[in-house]
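Taking it in order: structure first as structure tokens, then the write-up.
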2 protein chains.
Amino acid sequence: MRKAPTSKDVARIAGVSQSTVSYVMSGKRPISETTRRRVEDAIAQLTYHPHAGARALAGHRTDAIAVIMPFRSASTAQRLMAFVEEITLAARRRDHDVLLVTADEGPDGLRRVVGRSLCDAVVVMEVGTNDERARIARTLPLPVVFIGVPEDTHGLECLDFDFEGAGALLVDELADLGHGTVDVLGWPRDVVETNYNYVPRLTRGVERAAAARDVELRWHRVPGDHDVRPVLADACADRTDRPGLILLAAIPEAVRALSDLGLRTGTDVDVVALSTEAEAQEQGLTAVSTQPRDVSRRVMERLFALLDGTAPEAREVDLVPATLVRRASTRR
Amino acid sequence: MRKAPTSKDVARIAGVSQSTVSYVMSGKRPISETTRRRVEDAIAQLTYHPHAGARALAGHRTDAIAVIMPFRSASTAQRLMAFVEEITLAARRRDHDVLLVTADEGPDGLRRVVGRSLCDAVVVMEVGTNDERARIARTLPLPVVFIGVPEDTHGLECLDFDFEGAGALLVDELADLGHGTVDVLGWPRDVVETNYNYVPRLTRGVERAAAARDVELRWHRVPGDHDVRPVLADACADRTDRPGLILLAAIPEAVRALSDLGLRTGTDVDVVALSTEAEAQEQGLTAVSTQPRDVSRRVMERLFALLDGTAPEAREVDLVPATLVRRASTRR
DNA sequence: TTGTATGCGTTATCAC
DNA sequence: GTGATAACGCATACAA
């Protein structure tokens with residue numbers, strides 16, 4: 001538990017100057033094979049680790065990425081975790097650390113981590129349609145990548161799943177199955193009101209496809225208490241035709257509610273959903289999955305390209321395409 | 001996009017010395033009301049933020065907590081997210097940031113964040129029964145708090161949910177309902193083999209209670225592909241008595257499988273589970289919930305007590321008690 | 001109550 | 001190919 005060794009200690013043991021130690025570590029100038037060896041041996045012997053703060057101070061970089069994360073959100077925990085995991089792994093592959101910032105710090109969170117030089121770049125998850133953080137990002141001297149698409153993407157780096165395409169796929173699938181009327185179980189009121197940008201995008205995709213396929217839409221909302229039974233009873237009961245249902249939220253609850261109502265998915269009712277891959281599998285749902293891992297990978301590629309200065313011309317918006325996987329909840 | 005202001009800039013504008021600015025921010029010595037005002041005004045005017053690296057270098061503290069997180073684990077994403085969220089919020093309340101470290105860096109992750117002086121304390125999630133990180137922690141000059149209970153807790157700070165008590169509650173509930181035989185759907189092989197410490201703890205609780213209540217246990221395992229239908233068919237079909245089932249893993253899949261088998265929970269079969277609160281509600285299960293938020297809160301209390309030097313005598317192990325909530329999956 | 005001066009452990013610019 | 005040395009921005013011991 002004695003004091004941590006510094007590069008000076010390494011230098012002394014290796015019999016070189018401190019700056020040489022630094023150059024061995026950074027590789028920023030040629031080093032003879034013999035001194036490199038002696039330095040590396042000394043480093044190993046002392047289990048020397050460079051002091052991150054000193055490095056940040058002198059080197060003007062932190063080797064850290066800040067991630068602004070909305071814990072309470074329209075996304076499921078699974079989806080959020082997938083984002084965070086993939087981002088963290090990508091960061092480590094490039095020897096960067098991840099600083100977790102809660103979105104409920106608001107725009108100040110972004111200002112803080114950048115102002116304090118805590119990171120070299122920022123990932124903002126779940127940007128709003130009209131998000132102050134987008135305005136701030138344009139003024140910042142470091143890369144900020146958004147997951148989501150705000151209204152005005154000018155000068156921003158945005159990546160996301162193609163929710164509009166997803167909405168269209170879901171409607172098309174039910175239309176192909178012959179449904180002229182489709183019931184949509186949409187997000188609860190509080191989610192819609194928080195202005196998440198993908199709510200309108202998904203909605204647009206659904207509505208355009210419905211118009212194109214001449215499908216009548218009936219929108220329902222998950223109640224605040226997540227008890228969807230009455231909603232689904234209202235939508236599906238007492239019908240002569242076979243109901244077609246799109247689930248956007250409260251998916252496990254909805255599947256269970258249908259079962260309680262005596263409706264077998266794929267038999268008595270066709271169900272398609274927007275969900276994570278895992279949830280769709282667990283519930284056996286024909287679904288469009290939101291591919292958080294693909295999105296994260298592209299986010300980090302773009303982010304490091306910006307840090308490396310190897311980024312091609314600004315893309316502004318990059319969308320991961322939607323695909324539909326058929327499972328037991330629809331009968332073809 | 002000009003250079004970030006420093007405390008020297010603040011000092012110049014406020015007409016004081018740089019050290020006075022520092023003391024105003026830290027509150028470590030008395031400052032006259034007038035100078036405090038002028039400094040604070042200057043800070044606001046420049047939107048000054050202290051440089052985290054410089055602060056860490058000079059002040060020997062980072063105001064950051066590292067969290068070592070197992071993304072792929074026996075826990076659900078919900079449970080992991082609850083931990084991370086609660087830890088992050090608690091950290092922010094004390095003006096600390098959170099550094100996310102993936103557990104698959106192994107013990108080196110712990111060495112690295114500490115060696116580089118990236119944090120003032122560490123939280124290690126899901127410690128193994130015999131975890132090298134526990135040995136390392138004992139040698140480190142900063143607080144390390146474990147979520148979980150390794151075999152040898154000597155000199156460690158461990159907190160967790162009382163899995164042993166949980167196991168007993170689940171068995172007792174089914175015994176109270178008159179079940180003389182209980183089928184347990186346990187974790188998949190890979191989870192058990194990863195040596196998570198709560199697997200043996202839960203198992204011990206189940207087995208002791210079963211012995212005490214004279215209940216026969218039949219252990220089953222979730223298959224690698226998570227298709228639990230054959231397992232549950234095997235356990236519950238062709239029986240004259242009413243099956244009693246304990247679910248420890250793959251809970252949504254299991255509930256769906258029972259439904260597919262034509263078994264109504266609470267009517268044809270009594271089901272109790274170890275799960276998150278949310279999952280139990282979604283599935284309507286009588287369950288013991290693992291209270292990740294309570295555990296996290298206690299972890300952070302302990303951690304900051306250690307940082308403040310106000311920690312009472314070492315506790316070594318602190319367990320959050322288990323409670324059972326009855327829902328529709330058991331009929332009393 | 002305030003100012004001066006030093007050091008924290010790196011990086012990077014000069015010199016050699 | 002290597003060694004001095006000056007920043008980097010802040011905290012704090014020492015003066016006043």
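Chain letters run A, B, ... following the sequence lines, proteins first, then strands; residues in each count from 1. Scope of the values below: all heavy atoms of this structure, side chains included, with no hydrogens, waters or symmetry mates.
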Problem - B:Val127 backbone acceptor or donor facing B:Asn197 side chain under 3.5 Å - result: yes
Practice task
Check the side chains of A:Glu316 and A:Thr153 for a donor-acceptor pair under 3.5 angstrom, ignoring hydrogens and angles.
Solution key: yes
Handout entry: Euclidean distance, atom CZ of residue A:Arg116 to atom C1' of D:dC8 [Å, nearest integer]
Key = 18 Å
Practice task
Answer yes or no: is there an ion pair linking B:Glu132 with B:Arg111, defined by an N-O contact shorter than 4.0 Å?
Solution key: yes
Exercise for the section: Please state how far atom CZ in A:Arg38 lies from atom C1' in D:dG3, giving the value in whole angstrom units. Expected result: 14 Å
Handout entry: Distance-only polar pair, side chains of A:Arg92 and B:Thr102, donor-acceptor under 3.5 Å
Key = no
Completion exercise
Judged by nearest nucleotide, the residue sitting upstream toward the 5' end of DNA chain C, A:Leu57 or B:Val16, is B:Val16
Practice task
Return yes if some donor-acceptor pair links the side-chain N/O of B:Thr47 with the main-chain N/O of B:Ala44 below 3.5 Å, else return no.
Solution key: no
Practice task
Indicate, with a heavy-atom threshold strictly under 4.0 Å, whether A:Ser117 touches base, sugar-phosphate, or nothing.
Solution key: nothing
Problem - Length of the line joining A:His51:NE2 and C:dT11:C1', which is rounded to integer Å - result: 15 Å
Practice task
Using atom CZ of B:Arg37 as one end and atom C1' of C:dT2 as the other, report the distance to the nearest whole Å.
Solution key: 19 Å
Handout entry: Whether A:Thr88 side chain and A:Val84 backbone form a donor-acceptor pair below 3.5 Å
Key = yes
Practice task
Select from B:His60 and B:Glu33 the residue whose nearest nucleotide in DNA chain C is closer to the 5' end of that strand.
Solution key: B:Glu33
Exercise for the section: Would you please confirm or rule out a distance under 4.0 Å between OP1 or OP2 of D:dT2 and any side-chain N or O of A:Ser32? Expected result: yes
Problem - Nearest-angstrom distance from the residue atom NZ of A:Lys8 to C1' of D:dT5 - result: 12 Å
Problem - Distance below 4.0 Å between A:Ser17 side-chain N/O and D:dG3 OP1 or OP2 - result: yes
Handout entry: Ion pair check, B:Arg116 and A:Asp97, cut-off under 4.0 Å
Key = no
Exercise for the section: Write down the distance between CZ (A:Arg61) and P (D:dC8), rounded to a whole number of angstrom. Expected result: 18 Å
Exercise for the section: Give the B/S/- string for nucleotides 11-16 of chain D, one per nucleotide from 5' to 3', where a protein heavy atom under 4.0 Å of the base yields B, of only the sugar-phosphate yields S, and otherwise -. Expected result: BBBB--
